[in-house]
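Reading through the structure tokens given below for one structure.
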Amino acid sequence: MGICEGRVAIVTGAGNGLGKAYALGLAAEGCKVVVNDLGVGTHGEAGETKGAAEQVVDEIRAMGGEAVANTDDVAEWESGKRMVEQALDSFGALHAVVNNAGFVRDRMFFTCSPEEWDAVIRVHLRGHFCTSRHAAEYWRAQSKAGNPVDARIINTTSGAGLQGSVGQSAYSTAKGGIATLTLVQAAELGRLGVTANALAPNARTRMTSTGAFDMDAKEGEFDVFAPENMAPLVAYLVSEQSKGVTGQVFELKGGHVFLSQGWTDSKGFDKGARLEASEMDAIVRKLIETREPAKPVYGAA
Ligand code: NAD
């Protein structure tokens with residue numbers, strides 16, 4: 001018996017790459033899945049992978065699982081409502097939302113157009129908002145009605161959002177926002193029985209197959225960047241086993257899982273009195289010099 005038996009989850013962007021691996025992994029663990037995918041390209045181009053959601057549903061059914069397809073745009077307000085209704089109509093329950101859909105439009109900050117900026121911020125930040133917001137409303141109503149809620153939000157951040165990434169200002173901004181959103185959701189929704197965690201994955205998908213990183217499988221070695229490596233953590237977070245685990249930002253690469261420290265404060269300097277403008281330069285430079293080394297920005301020279 002799988003660890004997600006009896007659970008129902010929505011997975012957005014589940015027609016390709018990581019979302020597909022999550023949906024298949026969840027189904028293998030007994031979860032019923034609403035497979036959402038708009039079928040767009042890596043840069044959000046319409047119609048690029050039309051039918052992707054339906055194909056994943058077919059794969060799940062072929063392996064004996066239960067799934068339904070949804071082809072809505074995650075960043076449309078009504079889409080989240082439809083996905084929640086679809087989960088309830090098809091499976092009679094909703095236990096988890098895995099927010100994963102998204103695309104990139106990489107550009108240096110000094111050439112990024114307002115349209116590129118808006119499109120990337122919209123799909124990731126508004127996409128995460130719309131889907132979870134409707135689910136949270138449903139879980140709140142359940143909680144108020146006295147029905148026990150044991151629900152999950154799993155968000156997708158990125159190393160780009162946690163450390164920064166050259167050429168990805170909009171993407172990094174959105175992903176950083178998602179990590180912070182996760183902390184707020186964990187704090188606000190805990191009383192309703194809902195946990196919220198985020199995952200920064202590392203996997204070989206069409207999004208990362210740009211040649212910038214060597215993610216190829218090596219003959220005879222563990223395939224570190226197989227998208228399937230990311231699925232067990234997602235299945236665990238969806239399952240009842242992860243009850244009480246909330247407000248965490250996980251990073252996962254191959255079989256290496258770790259917690260992001262986020263924006264932790266350094267020890268700092270306290271004068272015990274108002275600081276003078278004339279002494280700030282020495283203090284600031286000393287703070288930077290003595291701080292624990294942070295991970296570098298991706299792509300920085
Ligand atoms: P991918 O391009 O293979 O898959 C993304 C899927 O999202 C596609 O199937 C696409 O059709 C769908 N999608 C895009 N816009 C949508 C919308 N508006 N509504 C519904 N579906 C939509 O990419 P991936 O690598 O699998 O990325 C999945 C998520 O993981 C993304 O949020 C990405 O930013 C994040 N991520 C990936 C990596 C990695 O190493 N691959 C690293 C960090 C973060």
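Ligands are counted one by one from 1 in listed order, and the atoms in each one are counted from 1 as well.
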Atom-level proximity to ligand 1, residues with heavy atom under 4.0 Å: G13, N16, G17, L18, N36, D37, L38, G39, V40, D72, D73, V74, N100, A101, G102, F103, V123, H124, T156, T157, S158, Y171, K175, P201, N202, A203, T205, R206, M207, T208
Output every pair passing ring-ring contact (aromatic ring centres under 6.0 Å, His included) with a member in residues 268-301, not counting sequence neighbours, ordered by first then second residue. none
Hey, does the side chain of H128 reach the backbone of T156 with a donor-acceptor pair shorter than 3.5 angstrom? yes
Side-chain donor/acceptor of R61 to backbone N/O of A67, under 3.5 Å: yes
With sequence neighbours excluded, give me every side chain to side chain donor-acceptor pair (under 3.5 Å) pair touching residues 175-189. H124-K175, N155-T182, N155-Q185
Flag, side chain of E29 to backbone of L26, donor-acceptor distance under 3.5 Å: no
F258: which residues meet the ring pair (Phe, Tyr, Trp, His ring centres under 6.0 Å) condition with it, sequence neighbours left out? H256
